[in-house]
Amino acid sequence: MNVAEKPVITADSLIGQRIQKKDAPEKAAGKTRYIQDMIVPGMLHAKILRSSRVHARIRSIDTSAAKALPGVHVVLTAADVPDQQPIGVARDHLPLKGERVRSLRDEIAAVAADSEEIAEAALKLIRVEYEDLPVIATPEDAVKADAPLIHPAPLDADGKPKTVPPKTPIAFAGKADNIAMRFDYTHGDVAAAEAESDVVVEDTFQLHYVTHCCMGVSGVIAEFDASGNLLMYSNTQVPFLHKREFAEYLNIDPSRVRIIQPPIGGGFGSKLDIYPFEVICIFLARAAKRPVKMVFTRKEEFLASPTRQPVLLTLRSGCRKDGTLTFRQVHTLHDNGAYTSWGATTPFVMMQTFSSLYRVPACDYHTTVAYTNNPYAGSFRGYGNLQATFAIEQHMDMLAERIGMDPLDFRLKNAQEAGEVTGQGMTFKSCGFRECLTTAAERSDYRKKHADNLAHRDAPGPVKRGIGIASMLHVGGGAKIYPSDGCGTILKLDDFANVTLITGASEIGQGSETVLSQLVCEELGLPISAVTVVNNDTAITPWDVGVHASRTTFIAGNSAIGAARKAKAKILAAAAKKHGCDEATLDLRGGFVVVAETGEPVVELARLMRNLHFSDKAELVMTTFYYEPPSVHQDKAFKGDVSAAYAWAAQVVEVEVDTDTGIVKMTKVTGTHDVGRVLNRLGLEGQIEGGVVMGQGYALTENLIVENGVTRNPNFRDYKLVTAPEIPEMDITFVESMDGEGPQGAKGVGEAPAICIAAAAANAIYNATGVRIFALPFTPEAVYRALRGKAEKPHWEAWQPE
Amino acid sequence: MTGLERYAAPQSLDEALGILQQGEVTILAGGTDLMPQTKAGRIAFKPTLMNIGRVAGLKGVTLDGGHLRIAALTTISELLRDPLVAQHAPVLAEACDHFASDQIRNAGTLGGNINNASPAGDTLVPLIVLDAEVELASKPNGSVSTRRMPLAEFFTGPGRTKRAGNELLTAVRIPLPKPGHVARFYKFGTRPALDISTISIGIAGIKRDGALTDTRVAFGAVAPTPVRAPRTEAALEGRRLDSDAIEAAAGAARDEVNPIDDVRASAWYRKELIHNMTKRMLDHVAQA
């Protein structure tokens, strides 16, 4: 256990207050300048020609008419960039496709022109001849023995597979099967545990495509200076990783790549990888010798930005009559799409949920990620955890029902506690799981409503009420995926005791600027208005791994506190020396150096700063700090304590199901989150409300319909985001477990609120109607079919390789 | 990059009809359908774009003898707030309350919704069950002439109507309701608004002694045009609204419609909705 004592909050403390986001006035007034608003002198506008076939060989590309169009500066195809390198975690993806297209989003050519309209017109003049290939529309088909290959090995002149040196990327060497990745994890003896089980349930669950729908669509501006240095204005969530990767693609030193992030209109994980459009924009800028801007249309964002990982998942779970969980066995089949991005790696998170959300003595987990001709999946808030939780938390209710136990008691019996080391090696230092469960259940009156709804299931009238509970575990102290999971801070105090906080942490709307300012002000006894945050320029800010994994408050927060404490020590030492007292007796409060015990002012901080600066030994207060969390990488068997802290939550969802239409109305969400400690109450509530609505969309309305590789609804008319009147009443409360490693005791929460809504909704629909639905989303027609016994239950024979 | 050559903004009906008479005109009213559809390539601009927004006399709701007359440029927002509509055709206001979003309602016009001739057009089904007729004006040989046609006969296909190229839809006329008149509208969408209807249902008639006469039933989004449902009407006409009659009518409704599968719903589900919601609406009418 590593739990900090909760200090008594003093009246002037900023911790736990409701503090308006620093960027709120600009955004509310419409004054924020996003990349869409940016104009760089001399810039050209770029557009991409995408494939009109799902799977085809490219016979020829004719760009002559496009090149001849007045106002067109550059037209590029794969043939024009023979040096292009594959992108993505599996190195299976060339930005411009020259020989073969594998999905409708595939980039064939790109144009840079004087205006977007001209670029668009030029695209229409490009002639592409295709030779269609068989389409693999499902991962089930992809893993069949005789399935056509998505990435076949290239052939030499004799039609034989080319011999390539070892370690040649898939993009050049091909792949002999359609398996993009495999994950196999196990702890305990599953067979023995199954033999000890009184009850075993097995079901297949089907999770669908959704996409991020950031209000700020993807965009980038690339320009080279006269010395060949690359400057990018980019919406990326991982500027420092990009800096290195772009340098690799261009074969230049990383020091020659600078990335500036304009305010980002939402990320949610969609901007975590390198995408073809970014590399293509760089190629265009290089060829045009002009800055080039490329911004997606909304339709393009639907077609060519990543999706959440669709999953087919078979779960087998067991327990004893007394309610003790015995084992879990999981086989999942992931639709990778045509290329590999982070979606393929979501099993890293999914297996944590299966192995460790509850105490389970034996767990066996297998994932096969299969190439198809569908859009490819990336990372998305929750990173596989929504999918895993959807299955587990339905099975928790089903097992409880089979042994005649209350679903809440069943969860409490198996809930993790502080001090637990799980089969996967996760160590729960602070853990408010039980309190999350009991608080959410009490506040929603879960037990009584659950029983009442059961009693009224067969009462007359088409509308049935239901209540369901679900819980979640997620990383809350970063995630050690890369060699470092750290973040650097540079902190500068000026002559007026104003602070410039230079942090590696990126702001994507989540409120990091505000929370980091709060943490610094808490150390230095300054008002939040005293802080200016600089966080968007790789030439200025220290390294950070990126904004993902709910890590920024925890990692960047600890880094900011570290820098602030160094500054405070320096200030107090200087004050003690000047005023002839012991620095241990001094503190910083309200803009003054004060006597800690009495609060009596010693010197105004601004005055002290000037005294330091304008003295014969002139000095400025500037500090740096790099925070690396005490977490470890998973070993080859996927075991290890990957996060410095873990976040917990329980959410209770209430629904009304209209059995004449299948419409499920979410009426109330009661959520209790173990956040370690509340830092900015307003920001926290906002983030949780937003996450709940994202979870609601995943559960009820959002569905990117992909049929035979074709996205049928690339627009907000038919891709249904939740609108304001549909948002349920919410009761959000917090458990403060005071994490010993967390900044002021806090843990990450960014991803948590979206994770269990769909699972809780499924349990609520069952409570209302007695019908369990195993496939998402719960659209009216899907629910109506299930209620009429006309929904096909997902089925999948777990596929095992030889 | 469009075929547009000329923009016209006539001030009078006479002037507008004169321009129409010359042919090859695209009419712009609120623009909420025209703009996205031309942008998406579903409609091509003709050489003349005529904005009728400044034509005098094409706005507002009035009483015209035994009719409620709604001029073509009256916006959906205006219909929602109009006291005459609230008094004589509340079911139309109800449909307007499910219509798109506030921004679109502020710009979109009733005439535009009718001429767009979408099978899912939100105002069409209630107007049909209210026996609305359209008023079409033209100037074929130097003087303005007007003809009227029942709205139920106006539509010929998705986006297609019987309006001739030289005609302008100037108004909709609805007979004032007789005593005992009831009318109901239901739109199925997954949201309270901002949704294209999966199906919609309009039911109207004179309710006396627990039975409906002069029964009108119409459905939206189940055929290439909004349609009257004669067999459902026949199943109801003059019969006491008991559970047998209601079930018979709902069954007739389900059998009578012939919807398609699309990205929003399957044909099967549309037929189920038609059955279930016709039944629910008739239950409400019976209990009212």
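Note that the structure is a prediction, hence the values are computed from the model and not measured. Here is how names work: the chains are called A, B, and so on, in the same order as the sequence lines, proteins then strands, and each is numbered from 1.
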Interface moiety of [X] toward chain B, non-hydrogen atoms closer than 4.5 Å:
X        : value
A:Thr661 : both
A:Lys299 : neither
A:Asp660 : both
A:Asn715 : neither

So which of B:Ala265, B:Pro192, B:Ser266 has the largest heavy-atom pair count under 4.5 angstrom toward chain A?
B:Ser266
Atom group of B:Thr198 that falls short of 4.5 Å from chain A, counting heavy atoms:
neither
Heavy-atom pair count under 4.5 Å with chain B, highest-scoring of A:Arg712, A:Lys665, A:Glu726:
A:Glu726
Quick one: do the [X] and [Y] side chains pair a donor with an acceptor below 3.5 Å?
X        : Y        : value
B:Asn51  : B:Tyr7   : yes
B:Asp122 : B:His98  : no
B:Asn116 : B:Asp33  : yes
B:Thr232 : B:Glu256 : yes
B:Thr215 : B:Glu237 : yes

A:Phe716 ring center within less than 6.0 Å of A:Phe302 ring center:
yes
